Amino acid sequence: MKKTLKKKLLKNKKKEAAVVTETMQVYKRRFEKHFEELQWLYTELYGNNSMFAELCDQMESFYRERGADLKSLDFQRETDPGWYKRNDMLGMMLYIDNFAGDLKGVQSKLEYLQKCNVNYIHLMPFLETPKGRSDGGYAVSDFRKVQENLGTMEDLDSLTAACHKKGIRVCMDFVMNHTSEDHEWAQRARRGDGEYMSRYFFFDNDHIPSLYEKTVPQVFPTTAPGNFTWVEEAGHFVMTTFYPYQWDLNYRNPRVFNEMMYNFLYLANRGIDIIRIDAVPYIWKELNTPCRNLPQVHTIVRIMRMICEIVCPSVLLLGEVVMEPEKVVPYFGTLDKPECHMLYNVTTMATTWHTVATRDVRLLKRQLDIVNSLPKDYVFLNYLRCHDDIGWGLDYASLMAEGIGECSHKKYLNDYFQGFAGGSNSRGELYNADPVSKDARFCATTASMCGIERAGFEQNDGMMEQAIRLDLMLHAYMFMQSGIPMLYSGDEIAQVNDYTYKEDPYKAEDSRYIHRGAMKWERIENITDLDTVEGRVFQGLEQLERIRKKEKAFAANADTWTIETWEQSVLCIGRVFEGEKIIGLFNFSEHDKTAWINETDGDYVELLSGEEMKPIGVNVPAYGFYYLKKE
């Protein structure tokens, strides 16, 4: 009996050893593929062989620690590199506490997310941050600890594993430009420890900071003017691009890069599928430059991409780059030296709301034409609303050619969405308003911007009908854009602005909390009732999601283009993939309009109603839309 048991144990050990040997061979293959470029780029940045050797050793250690399930997922996605480009991808951004209390709560709601057809969730910042000085979670004091009220790292492990079993991918923010002033490094630097001061940008007088200020733009000129903060305890100025409690990291120091990559891999090993690199253009600083989009930034992102492909190839990099689509393209890298897998389509989001306010699709059409002309390998994330404000970064050169001035138009847009101009039913609040320049950004939920809040408050059925139509039309249009659509939690039930943030002293000064309200779970009971706002919006979105998942033409890498309608308020988008063609028509006006298109290449069927329709001089009802598929 003992001999049999001993033989079994020995056999099992041999199997385990064989598996370890096999997986290490996989690692060796990946490592050797990238080694020369990785070494060359690291040496170009740092010229430090010992730090490079340490990085390589740590990469292997994190690979060995990576769980068997995650290694299996790595292999699956490595053999299907385009898995995230399929037409069934649908994301949702959510705050853990607002959505379900904590990480365990989110895990208990996975069936609801599946009911929403969501298979990609972006968990808004959940790492340890100081209360009241967190910028919504973007001032991290510990990269390896979950906020106490949200749970533990073990809870995160459990959630990601449960998501993977249900085919749901998990995204998180990696805040790599800065740390909280409460981070261990910052605390040591505050006490004058030179080793840790070198991990930030410290100066004992204002001469160098004043030189930086000449070329570095201010992110928040009203609420956080300047790019430096005086630290009394250290007797030095420290660079703080965003807020005084967020200290910029010095990536010219290889110790900073290495340690942040170890944090990155630690989080990847917790089962994270998509890592959103926050504020990526800012991470390299040089005097006499804007400290934005410098070449070294791309070197760092390229190195990160290779580290992923060696240690955790199932992990995608999502870059937060707030610029026009044609200007963010360098962050995709090249086909042979890729950087980010995905980027946000921020400008198109702002242009969409401009189109709502002006009922004029011309600027949006030009914007989409630019996006559609880019290589199909470039994947954008599209959204109507997110956790942040709306900055009116539009193509003012084009608007100026039409006689529209930048300052006056920004004022009109902010007045419109506050409900003060242009026959608007929108409701919301300004963010970071500058009393001198009169510039401001805007905050509100999709539903409130569409008029659902006002219609409900005034009990106006006609206004509500119009608001719901606008809400659904905008989502239908978003689904037709090139890339992956992202919902913002609560939009699926038309959740409106939450003004209770003003009662919280930690939030009252930040109007972005108006659209960061708690999920109204009692209203989920209405999602099957078409006599309710929640039911109409949820069921309307569910129908759009089913169509998108079923039809090939909605693949992220489909050929996409705009079609002239000769009607200022109607946008027309065409999509074709593997011979299947769909045309989308979207009326941005509260009046019925005719799209003067002339597609004579065959018969079409309208996918929502099932009716046959010829795409020739199509009458589109107020805030209406059609999905026409060629038969």
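As the structure is a prediction and not an experimental result, all values here were calculated from the model. Heavy-atom basis, side chains included; hydrogens, waters and symmetry copies ignored.
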Asks: Is Lys629 paired with Glu580 through a side-chain N to carboxylate O contact shorter than 4.0 Å?
Replies: yes
Asks: Could you name each residue pair satisfying side-chain hydrogen bond (donor to acceptor under 3.5 Å, both in side chains) that touches residues 156-172, not counting sequence neighbours?
Replies: Gln107-Ser158, Asp157-Arg270, His164-Asp273
Asks: Output a table of donor-acceptor pairs, distance under 3.5 Å, between side-chain atoms of residues 84-93 and any protein atom two or more places apart or on a different chain; print 'none' if there are none.
Replies:
residue: Arg86; atom: NH1; partner: Asp80; partner atom: OD2; Å: 2.8
residue: Asn87; atom: ND2; partner: Arg548; partner atom: O; Å: 2.9
residue: Asn87; atom: ND2; partner: Lys549; partner atom: O; Å: 2.8
residue: Asn87; atom: ND2; partner: Glu551; partner atom: O; Å: 3.0

Asks: By salt bridge (charged side-chain N to carboxylate O under 4.0 Å, His left out), which residues pair with Glu154, not counting sequence neighbours?
Replies: none
Asks: For Arg512, what residues pass the side chain to side chain contact (heavy atoms under 4.5 Å, CB included) criterion, not counting sequence neighbours?
Replies: Asp135, Tyr243, Asp388, Asp389, Tyr431, Cys443, Asp510, His515, Arg516
Asks: Inspect the contact between Lys115 and Glu111 and indicate whether a charged nitrogen and a carboxylate oxygen are less than 4.0 angstrom apart.
Replies: no
Asks: For the NZ atom on Lys376, are there more than 12 heavy atoms of other groups (residues, nucleotides or ligands in this structure) within a distance under 6.0 Å?
Replies: yes
Asks: Name all residues meeting the side chain to side chain contact (heavy atoms under 4.5 Å, CB included) criterion together with Val361; count only those two or more places apart in sequence or in a different chain, and write none if there are none.
Replies: Thr355, Leu571, Phe588
Asks: Answer yes when Arg302 and Glu339 have at least one side-chain N-carboxylate O distance shorter than 4.0 Å, and no when they do not.
Replies: no
Asks: Which residues satisfy the salt bridge (charged side-chain N to carboxylate O under 4.0 Å, His left out) test with Glu525, sequence neighbours excluded?
Replies: none
Asks: Counting only heavy atoms not in Phe75, do more than 12 sit closer than 6.0 Å to its CZ atom?
Replies: no
Asks: Does this structure show an ion pair linking Asp69 with Lys71, if we count only N-O contacts that are shorter than 4.0 Å?
Replies: no
Asks: Partners of Asp491 by salt bridge (charged side-chain N to carboxylate O under 4.0 Å, His left out), sequence neighbours excluded?
Replies: none
Asks: With sequence neighbours excluded, what pairs up with Trp521 under the ring pair (Phe, Tyr, Trp, His ring centres under 6.0 Å) test?
Replies: Phe99, Tyr112
Asks: Which residues satisfy the side-chain hydrogen bond (donor to acceptor under 3.5 Å, both in side chains) test with Lys502, sequence neighbours excluded?
Replies: Glu429
Asks: Working to the nearest 0.5 angstrom, can you tell me the gap between Leu123 CG and Leu159 CG?
Replies: 6.0 Å
Asks: Arg546: which residues meet the salt bridge (charged side-chain N to carboxylate O under 4.0 Å, His left out) condition with it, sequence neighbours left out?
Replies: Glu542
Asks: Do Asn98 and Ser489 touch side chain to side chain, with heavy atoms closer than 4.5 Å?
Replies: no
Asks: So, using side-chain hydrogen bond (donor to acceptor under 3.5 Å, both in side chains) as the criterion, who are the partners of Glu611 when residues are at least two apart?
Replies: none
Asks: side-chain hydrogen bond (donor to acceptor under 3.5 Å, both in side chains) with Thr560: which residues, sequence neighbours excluded?
Replies: Arg575
